2 protein chains.
Amino acid sequence: MADTSSRRPRRRAKQPTIAEVAREAGVSAITVSRVLNTPESVRETTRRRVEAAIETVGYVPNRLAGSLASAQSRFIAVIVPSLSNIVFTEVIQGLQATFEARGYQILLGNTDYDLQREDQLVSTFLGWSPAALVITGLRHSEACGRRLRQWEGPIVEIMELGTAIDLNVGLDHLKAGRCMAGHLRERGYRRVVYVGAQMARDYRARLRYEGHCEVLAAAGLEAPLLDMDQLGQFETGARALDQVLATHPEAEAIHFANDDLATGALLHANRLGIAVPQRIAIAGFNGLAIGQHVTPRLTSIASPRERIGRRAAQAVLARLDGEAAVDGPLDVGFTLMAGEST
Amino acid sequence: MADTSSRRPRRRAKQPTIAEVAREAGVSAITVSRVLNTPESVRETTRRRVEAAIETVGYVPNRLAGSLASAQSRFIAVIVPSLSNIVFTEVIQGLQATFEARGYQILLGNTDYDLQREDQLVSTFLGWSPAALVITGLRHSEACGRRLRQWEGPIVEIMELGTAIDLNVGLDHLKAGRCMAGHLRERGYRRVVYVGAQMARDYRARLRYEGHCEVLAAAGLEAPLLDMDQLGQFETGARALDQVLATHPEAEAIHFANDDLATGALLHANRLGIAVPQRIAIAGFNGLAIGQHVTPRLTSIASPRERIGRRAAQAVLARLDGEAAVDGPLDVGFTLMAGEST
DNA sequence: CGGTTCAATGTTAGCGCTAACATCCATTGT
DNA sequence: ACAATGGATGTTAGCGCTAACATTGAACCG
């Protein structure tokens, strides 16, 4: 059966160009270009003729050529640390929705939390002359920071707040950590373990831990940390619960770095018949949907992920439209969602 | 505080071009191009000199120009129906990992299950002369199908199996529907309701339902369908459970179109104190991680999502490398995961 | 020692489009 | 009636790079 020949012909079947359309419509190439880019500058009758010609020859504009000639493209480079984390896919959705509505396409890169890869991606992407760059976090390798500062287009750093290269949309993770720790203190928990996963890479989780520590220290309490070295998934959360129960039997609550871990732990507790929050309270971060469907409902902090994407996109679009620049970071805030798990 | 001027200068600070590098290295432009693209065709000493020059002037290749000149780009257009569904983000991850390792970038589009939008996206993307196109599903609008067939690059249609335009990687949804229905029959369930969400759009779910129907019909049983008109999320699953219990009180099992719905229903049953599977059995589709962490574990069919992405990418790369064409669709299969929920 | 070969490098001519300027011609005001 | 105006369209010259062909010169041969 296996035919070795390619199933499709590989003739470089030249797509029709703007010149063919022009000939067909009896106008010059630039008029076709105008119909495509600034239709209001072409007389209605001419425009219609050109549009008909486009239809007839089946013309699809070559954006590479267009972008090269005009030195501006219609895509947005987006760099995230991970795609397996639903958090980032929700941000991407927000970006997508806003950008696509305005005719921009998303060029997606994934660093796997590796700053070296980040630099490489930035470099590659800048070669595509994107209209703008959306990048996760404020910390970059030195080389990458230089590259970014040198580039002249809009850059948004998202997820966290601070001193940005250009635009900044995010939330204050330190404050979020404080908020949850404060909530746990209010509920009367004194022995609280913070559990993260691969925190060496995820420094936003480290920031939240710092906030957590501040609050506990202020109350004269210790803030033990358990850093799991697996990925932050359900399974890891379950194992973390086992580990905390074994090594910190006196613990009254666990503050997880994210909802995946927390949910994994909570479901594991359900399985083992461990009462939450009576035996041990559980809190997470992100406010994922699943947290509201487990029993007891998970206490968490909702991060407005899609909103981050939307606001970031809006900030970029405003800049591209030449509107007055946004000044300073945009804080999208967060919301404490107190469930029954604490 | 608010300064109205843009925070960054907008000088078109011309990036250095290949010509500058050439001057710096004392060679011609094409030699620089060769160092970049076919380094083995340049003498070592020259290469080193050019590499040093690239470093000195801080050259970043302009891929738009390169792609235009060579009529081939290094990106892959990927079109999925949704980003909110974790299924597709996992596929994208598989694609990403494989393509990025080979220096290809992903241009991402989202149709929201709208064939019109799909056509529009295809048209836009083809204008970028991508190296290949990855598109979800086998059904496209007529115009879109024409466009695709006309295009000369590799196209992979993913997720389902059948008569494809070019390459095809997926699984047989009809068979999957039969498989799960068969499993439910084996466990002795006779009154089984199939629950989907927005099935008018999600025809892969419809295919599974068809398979489901076949099996039940063969046993002389009815196959009632409940099509929820909300998105397929946890909440919808919970509501669907309520509805089934109210309108089909005799139902012994529910076959959900996906794990989100099924998990939502299962957790809702937990909340209400409804015994699963004693009072009602629950089955899903996709084999998401969450299903293995709820109690009872969810019976589902694991679709190898990341694998679909990887295999699709491999097929494309093989084609781009000019290797013998894969013949016929590639079936990635599926696995029945029997949990305690049935 | 002239001729052949071949690896390394250079020259030329676009890729398809758009910016910038040029031209044309119908309208307007005086 | 004629200059001034301005909207519609055209001409020219690249954008930065690479394909294709051209050239160079060192190594090798009979």
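Keep in mind it's a predicted model, so treat the numbers as computed, not measured. Residue numbers begin at 1 in each chain, while the letters A, B, ... track the order of the sequences.
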Residues passing the side chain to side chain contact (heavy atoms under 4.5 Å, CB included) test with A/Thr45, sequence neighbours excluded, are A/Arg43
*Is the phosphate of D/dT9, meaning OP1 or OP2, less than 4.0 Å from a side-chain N or O of A/Thr46?*
yes
note: B/Leu36, atom CG; C/dT9, atom P; distance rounded to Å ~ 15 Å
Worksheet entry | Side-chain donor-acceptor contact under 3.5 Å, A/Gln120 with A/Ser123 | no
- Task: Please answer whether the main-chain N or O of B/Ser129 pairs with a side-chain N or O of B/Ser73 as donor and acceptor at a distance below 3.5 Å.
- Result: yes
Can you see if the side chain of A/Ser33 gets near the phosphate of C/dT18 - specifically, an N or O under 4.0 Å from OP1 or OP2? yes
Any side-chain heavy-atom pair of A/Leu36 and A/Ile54 under 4.5 Å: yes
To the nearest angstrom, the CZ-C1' distance between A/Arg49 and D/dG10 comes to 14 Å
In whole angstroms, the gap separating P of C/dA7 from CZ of B/Arg47 amounts to 16 Å
In this structure, CG of A/Leu64 is separated from OG of B/Ser67 (nearest 0.5 Å) by 5.5 Å
Rounded to the nearest 0.5 angstrom, the CD1-CG distance for B/Ile18 and B/Asn62 is 10.0 Å
**Asked** Base, sugar-phosphate, or nothing for B/Arg34, non-hydrogen atoms under 4.0 angstrom?
**Response** base
The bend of the helix from C/dC1-D/dG30 to C/dT30-D/dA1, taken between the axes of its five terminal pairs at each end and rounded to 10°, is 40°
Between CZ of B/Arg23 and P of C/dG10 the distance, given in whole Å, is 14 Å
Among D/dT18, C/dT18, D/dT9, the one nearest any side-chain atom of A/Val42 is D/dT9
Separation between CD1 (A/Ile79) and CG (A/Asn110), nearest 0.5 Å, reads 10.0 Å
Closest to the side chain of A/Ile18, out of C/dC17, D/dT18, C/dT9, is C/dC17
Here the distance between atom P of C/dA7 and atom CD of B/Glu40, to the nearest Å, is 13 Å
Taking C-beta and beyond as the side chain, do B/Leu317 and B/Phe99 meet within less than 4.5 Å on heavy atoms? yes
| task | Check every strand shown and say whether A/Ser67 touches a base, only sugar-phosphate, or nothing at a heavy-atom separation below 4.0 Å. | result | nothing
Rounded to the nearest 0.5 Å, the CD1 atom of B/Ile92 sits from the CG atom of B/Leu83 at a distance of 5.0 Å
Q | Short side-chain donor-acceptor distance under 3.5 Å, B/Glu160 and B/Tyr203 | A | yes
B/Glu20 CD to D/dC17 C1', in whole Å, measures 13 Å
Identify all pairs in which a protein N or O lies below 3.5 Å from an N or O of nucleotides 13-15 of chain C, and state each distance.
unit_1 : atom_1 : unit_2  : atom_2 : d
C/dC15 : O2     : B/Ala69 : N      : 3.4

Whole-Å distance, B/Arg43 CZ to C/dC6 P, equals 19 Å
Between CD1 of B/Ile30 and P of D/dT18 the distance, given in whole Å, is 7 Å
*asked:* Under 4.0 Å, heavy atoms only, any strand: does B/Thr31 hit a base, just the sugar-phosphate, or nothing?
replied: sugar-phosphate
